[in-house]
Amino acid sequence: MKFWISKIRPHFFGIAVLGFTSCAVGPNYQKPTVDVPPNWRWKKAEPQEAQSKGEWWKFFRDEKLDALEEEALKNNQDLKASFARVDESRAKARVSASDFFPELHLDPAFQRQRTSANAPIPFPIKVPSITQNSFSVPFDLSYEVDLWGRVRRSFESARDQAQATNADQLNLLLSITADVARDYFSLRETDLELEILRQDEAYRGEALDLQEKRLKAGLTSQLDISRAKNELFLVRGDLSQAKARRSELEANLAVLCGQTASSFKVSEYPLKGTPPSIPVGLPSSLLERRPDVAFAERTLAARNAEIGVAYAAFFPSVHLTGQAGMLSAEASDLFSWESRVWSFGPSVSLPLFSNGRNLATLKEARAAYEEAVAHYRQQVLIAFADVEQSLAQVQFYREQENALESAQQESASVVDLIQQKYKTGTGSYFEVITAQRDLGLRYSASIRLIKALGGSW
């Protein structure tokens, strides 16, 4: 996305008439380098945050997720606030761009006045009182000649800051859609856990009934009954915790989708299937899509331009002012040629003493730039680390899942065997949950990788 303000060029009055705006004090912007290991698999990022991220969540082929994402894009309040911030920053850039052009005002006025017959005068002559009218239609013009680039640097700063705000909005957009997907799949993973816990509750109930029958037959003791009840109560406690966790995830989704938690419901749907395959050998240019890197880079450019603004304060400023229009004592003569008036002249303001203010402002601008440089380099390194870590997690969970599949092939179905152990009261539902939970971890790792890469590939 390119802002309309990027098309504005400072070549109106100053360049056309005086040619003064070609000079701009302060450093021209150059992107700082980022030191990375020579064997790094990814190249340095070039901001391309405006490149379409696509509806990446549709790779999961889940209609309910698609509906939640659409709801979040439409109703999320943080996202609405970010759109307003973008509009605000663009408006500020337009305000700054207006300084390239002269200001012209029309100030028509009418005045009727009476002079005093006793007004003090430097010579002893009696001056009678008079009453007169004054009609005027003046055009007032003012323009700052951008000798040292103050206006240009101010505009550069405002433009770059507007682009940074836009990148920040895109970063929030990516974070919200990723949070919706992550919470949604965590909810479905919890639904799977609830399904397992309910099955285990039923098995533990059957085991308790069996132990009670054996007690009546004299084949067991009261201790076994107590153990069976304890197992059943523990499962019910875990079931309550899972329900609470699901309620919390559902409330999080409600906030992300801009709805009240009491009116927002997601039906239970245990997690099945596998997440989409993301190629490990992704091109390094995908890192350029990350809006957080673009935000840091555009903020850095804005801080660099502010150094030029601070430099310009040490030099004289030149303003051109003029007035032209009509002035008459009678309304009927106001627009006659003889009623014309005009004036024109430059004014120069030279900073002689500011008690160190200008120097302190320049030091402040330089320090802010150095801070932005460090933040930009840090953000690029974080981007590298996020991708590498996410790739490692995806690979790890894939290998773990392959190992589980191999184990299942060797021993028929591990889950079925464990569930059979429930019926005899010798197994633990934790074994089933552990065997099933890796699927949810793979979904979370895939979402994190997509977010690390700045969107879909």
Side-chain angles (χ1 to χ4, degrees), residues 3-30 88-107 109 136-165 298-325 341-373:
F3 296 118
W4 67 272
I5 52 177
S6 65
K7 298 181 180 179
I8 296 176
R9 295 293 184 267
H11 50 213
F12 179 67
F13 190 78
I15 289 180
V17 179
L18 301 174
F20 286 146
T21 56
S22 59
C23 176
V25 297
N28 292 324
Y29 175 65
Q30 291 183 344
E88 178 186 3
S89 65
R90 288 179 177 177
K92 287 181 178 179
R94 292 186 183 100
V95 171
S96 180
S98 68
D99 290 337
F100 286 122
F101 303 89
E103 291 187 15
L104 184 64
H105 299 275
L106 173 63
D107 300 310
S136 64
V137 183
F139 290 87
D140 296 321
L141 180 142
S142 63
Y143 178 70
E144 178 181 355
V145 182
D146 198 21
L147 286 173
W148 317 112
R150 186 198 69 81
V151 174
R152 179 184 298 182
R153 295 302 192 195
S154 296
F155 170 69
E156 288 176 0
S157 175
R159 178 197 60 196
D160 294 334
Q161 192 61 55
Q163 293 172 346
T165 304
R298 288 291 85 200
T299 301
L300 174 61
R303 298 295 174 266
N304 181 81
E306 288 170 3
I307 295 177
V309 176
Y311 261 123
F314 289 90
F315 298 90
S317 60
V318 179
H319 288 80
L320 302 179
T321 58
Q323 185 183 76
V341 293
W342 61 267
S343 66
F344 176 79
S347 64
V348 180
S349 175
L350 179 63
L352 297 179
F353 178 73
S354 63
N355 197 28
R357 177 188 300 172
N358 292 341
L359 181 59
T361 301
L362 178 59
K363 289 181 178 180
E364 178 186 7
R366 285 174 173 169
Y369 172 78
E370 292 300 327
E371 179 186 3
V373 169

Would you name the heavy atoms of [X] and [Y] that are closest together and state the gap between them?
X: Pro138; Y: Leu106; answer: O-CD1, 3.4 Å
X: Ala365; Y: Ala310; answer: CB-CB, 4.3 Å
X: Ala93; Y: Ala162; answer: CB-CB, 4.3 Å

Residues forming a side chain to side chain contact (heavy atoms under 4.5 Å, CB included) with Pro316, sequence neighbours excluded:
Trp148, Val348, Leu350

Report the C-alpha separation of Thr321 and Leu141 in whole Å, then their side-chain angles, then the decisive distance to 0.1 Å, and conclude whether the side chain to side chain contact (heavy atoms under 4.5 Å, CB included) test is met.
CA-CA 5 Å; Thr321 58; Leu141 180 142; over 6 Å; no

N/O donor-acceptor pair under 3.5 Å between Asp146 side chain and Arg150 backbone:
yes

So, does Arg153 use its side chain to make a donor-acceptor pair with the main chain of Gly26 at under 3.5 Å?
yes

Within this structure, what is the [atom1]-[atom2] distance for the pair [X] and [Y], rounded to the nearest 0.5 Å?
X: Asp99; Y: Tyr143; atom1: CG; atom2: OH; answer: 9.5 Å
X: Ser347; Y: Leu320; atom1: OG; atom2: CG; answer: 7.5 Å
X: Glu144; Y: Phe100; atom1: CD; atom2: CZ; answer: 11.0 Å
X: Asp160; Y: Thr165; atom1: CG; atom2: OG1; answer: 10.5 Å
X: Ser89; Y: Arg94; atom1: OG; atom2: CZ; answer: 9.0 Å
X: Arg357; Y: Glu364; atom1: CZ; atom2: CD; answer: 12.5 Å

Could you give me the CA-CA distance, side-chain angles and deciding distance for Lys92 and Glu88, then say whether salt bridge (charged side-chain N to carboxylate O under 4.0 Å, His left out) is met?
CA-CA 6 Å; Lys92 287 181 178 179; Glu88 178 186 3; 3.5 Å; yes

Where at least one partner belongs to residues 300-320, residue pairs that pass side chain to side chain donor-acceptor pair (under 3.5 Å), sequence neighbours excluded
Ser157-Glu306, Gln161-Arg303, Arg303-Glu306, Tyr311-Arg366

Report yes if some heavy atom in the side chain of Leu362 is under 4.5 Å from a heavy atom in the side chain of Phe314; otherwise report no.
yes

Quick one, Phe315 with Val25, criterion side chain to side chain contact (heavy atoms under 4.5 Å, CB included). Give me CA distance, side-chain angles, the key distance, then yes/no.
CA-CA 10 Å; Phe315 298 90; Val25 297; 3.9 Å; yes

